[in-house]
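Here the structure comes first, spelled out in structure tokens, and everything after it is commentary.
Keep in mind the model is a prediction, meaning the values are calculated, not measured. The chains referred to below are lettered A, B, ... by the order of the sequence lines, with proteins before strands, and numbering in each begins at 1.
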Amino acid sequence: MGHESCISLLYQCRNLFHIRQVHAHTVVNGTFHDLVVANKLLYTYALHRAMDDAHYLFDGMTMRDPTSCSIMVGGFAKLGDYASCYAMFREVLRRGVAPDNYTLPAVTRTCRDRKDVRMGRVIHDVGLKHGLLLDHFVCASLVDMYAKCLVVEDAQMLFDRMLSKDLVTWTVMIGAYADCNAYESLIFFDRMMEEGVVPDKIAMVTVVNACAKLGAMHRARFVSEYISRKGFSLDVILGTAMIDMYAKCGSVECARDVFDRMKEKNVISWSAMIAAYGYHGRGKEALDLFHMMLSCGILPNRVTFVSLLYACSHAGLIEEGLRFFDVMWEEHAVRPDVKHYTCMVDLLGRAGRLDEALKMIETMTVEKDERLWSALLGACRIHKDMKLAEKAASSLLELQPQNAGHYVLLSNIFAKAGKWEKVAKFRDMMTQRKLKKVPGWTWIEVDNKTYQFSVGDRTHPQSKEIYEMLMSVIKKLELAGYVPDTDFVLHDVEEEVKQQMLYTHSEKLAIAFGLIAIPEEDPIRISKNLRVCGDCHTFSKMVSAIMRRSIIVRDANRFHHFSEGTCSCGDYW
DNA sequence: CGAGTCAGTG
């Protein structure tokens, strides 16, 4: 049996037993000492995830080349055996075997999976020393590693230096920006198209994801149009991504349309649609869909129940939520985790059943996180329970002392109750800990362009008209009884100045611009990076009534549909 | 003899 026949036998191996048989053969007839044969054996073991066998073989090999090492490193990486992967790589370096353009991507993969940017930089360095950074795959894998570790600047730097940028690497970059700056991500997509790189389905899924993150409806429509024009089939992954995109761009109807058109749906698709109904405040539809899902024989998982309980809580379906919480473990074998408890605290809290919410927190056995305490705090804010709020606050700040948003929320809550000494305390803590309020931004799309506003913004070319419109709207609102709620302004300034700042919150500016620039029959769609402030919420409700406009706001947590003076969130958010 | 990119929650 020569090399060729050994290798062709290895191609035909269907299970571990076969490989071991061929292995034994090669030992008997001596072809085992042929590096090509040995490597193919190694590779076949790795392919069948039999890294123990591979390791045994590797240890017994009299000769090894960089390929043998790459197969080992890559095999452990794919198996998720991080320690062995790193150990093997270190051994390669120690023995003086020069890593090649296949070894580095193999170990970089592990750095990516573990988000181990420190080791990633070591690999980067090794690549530099061995002159491997010019290799396309080495570079591409490092870009991917930096991207997944959220070190976008470094990913970008390497990407810029790549001689040829292929579709996969463009996709990695688009995906990286989707996670940290969705706006930039779509600009990347545009650049890719301009350079004549034709996207495939995976690239489109990534772009769809970026649209979802940005919440930009005109981009969503453009991207869907492109997808259907190019004839991409609506498979589970693309379809699910599109459900999410439309829902997060503010249209549950479009999301549902995609959902209905999908031939194959899995638990992720169903959960995405249930979640969509949830954050749009359409609890009943979420429940209906859940029951339809069960009758289709799809098994709900943890995420499904988070989405479902969240839907109940945002629609005020208290009893239904409590029942689902009970049956999720008893009937569906899904054990409640901290996210489910958070939904329940939110649900009970909304109903004013703060004692039960607290009891649930006290008796739960899973580890508590900051979101759980935030949910309790939110309930305290609505029902003005300052005693419980202090308890929630101390747990919250213990868990996340560096999160500026918590201090702002706490100051707002205590300001609302007139507890000024507490407000001062939280503000002092913020200053002491050198924490800065995250600046609030609001986006609005007009004529396929995105405009961004910050508080008191005057950078918009039509700034003058926007402020005139805002002032005239405020006058109308005041005649109808609108009183600005200055408790939401956390600044040490005179009442009049406070009011001025409140009047120019980014959200109000965006709405004013929407009133000027968006046709009356269309809704005004805006997105925010923070939660809606109480005064802007009141303002939006009144504008929807007095100006007879529908306003759809996506905030950091959920959607608010303002129409005829009411909001879909029922004033609880 | 071997390599990289995609979907749902809080």
Counting the atoms with a prime plus P, OP1 and OP2 as sugar-phosphate, which does [X] contact under 4.0 Å by heavy atoms, base, sugar-phosphate, or nothing?
X	value
A/Val267	base
A/Lys148	sugar-phosphate
A/Asp166	base
A/Asn101	base
A/Thr169	base
A/Ala140	base
A/His136	base
A/Arg302	nothing
A/Ser68	nothing
A/Val236	base
A/Tyr102	base
A/Val303	base
A/Ser141	nothing

Length of the [atom1]-[atom2] vector between [X] and [N], whole Å:
X	N	atom1	atom2	answer
A/Leu308	B/dG8	CG	P	18 Å
A/Ile202	B/dG4	CD1	P	11 Å
A/Glu264	B/dA7	CD	P	16 Å
A/Ile243	B/dT9	CD1	P	12 Å
A/Lys213	B/dC6	NZ	C1'	11 Å
A/Ile71	B/dA3	CD1	C1'	11 Å
A/Phe89	B/dA3	CZ	C1'	15 Å
A/Met72	B/dA3	CE	C1'	17 Å

Is the number of heavy atoms from other residues, nucleotides or ligands within 6.0 Å of CD (A/Glu367) greater than 12?
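No, CD of A/Glu367 has 12 or fewer neighbouring heavy atoms, counting only those of other groups under 6.0 Å.
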
Starting from the C-alpha separation in whole Å, work towards a yes-or-no answer on side chain to side chain contact (heavy atoms under 4.5 Å, CB included) for A/Trp373 and A/His406.
CA-CA 10 Å; A/Trp373 292 111; A/His406 297 334; over 6 Å; no

Heavy-atom donor-acceptor pair, A/Thr169 side chain to A/Lys165 backbone, under 3.5 Å:
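Here the side-chain-to-backbone pair does not exist.
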
Return the nearest nucleotide to the side chain of [X]; candidates are [options].
X	options	result
A/Ala275	B/dT9, B/dG2, B/dT5	B/dT9
A/Thr304	B/dG8, B/dG2, B/dG4	B/dG8
A/Tyr279	B/dA7, B/dT5, B/dT9	B/dT9
A/Ser271	B/dC6, B/dA3, B/dG8	B/dG8
A/Asp100	B/dT9, B/dG2, B/dA7	B/dG2

Parallel, tilted or perpendicular, judged at 30° and 60°: which one describes the rings of A/Phe188 and A/Phe159?
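It falls in the tilted class, 30° to 60°.
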
Please state whether the rings of A/Trp270 and A/Phe259 are parallel, tilted or perpendicular, taking 30° and 60° as the class boundaries.
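A/Trp270 vs A/Phe259 ring planes: perpendicular.
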
Go through the structure and list residues passing side chain to side chain contact (heavy atoms under 4.5 Å, CB included) with A/Val151, not counting sequence neighbours.
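Residues passing side chain to side chain contact (heavy atoms under 4.5 Å, CB included) with A/Val151: A/Val117, A/Arg121, A/Tyr146, A/Cys149, A/Glu153, A/Asp154.
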
Would you please name every residue forming a side chain to side chain contact (heavy atoms under 4.5 Å, CB included) with A/Ile237, sequence neighbours left out?
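For A/Ile237 the side chain to side chain contact (heavy atoms under 4.5 Å, CB included) partners, ignoring immediate neighbours, are A/Val205, A/Asp235.
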
With a 4.0 Å limit, can you tell me whether [X] has a side-chain N or O closer than that to the phosphate oxygens OP1/OP2 of [N]?
X	N	answer
A/Tyr43	B/dA3	yes
A/Lys248	B/dT9	yes
A/Asn209	B/dC6	no

Under a 4.0 Å heavy-atom cut-off, which of residues 170-195 of chain A touch DNA chain B?
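Within this stretch, A/Thr171, A/Val172 sit under 4.0 Å of the strand.
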
Verify the distance criterion only: is there a donor paired with an acceptor across the side chains of A/Asn266 and A/Ser269 at less than 3.5 Å?
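Side-chain D/A pair, A/Asn266 to A/Ser269: present.
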
Centroid-to-centroid, A/His332 to A/Phe305, below 6.0 Å?
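Yes, they do, as the ring centres are separated by less than 6.0 Å.
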
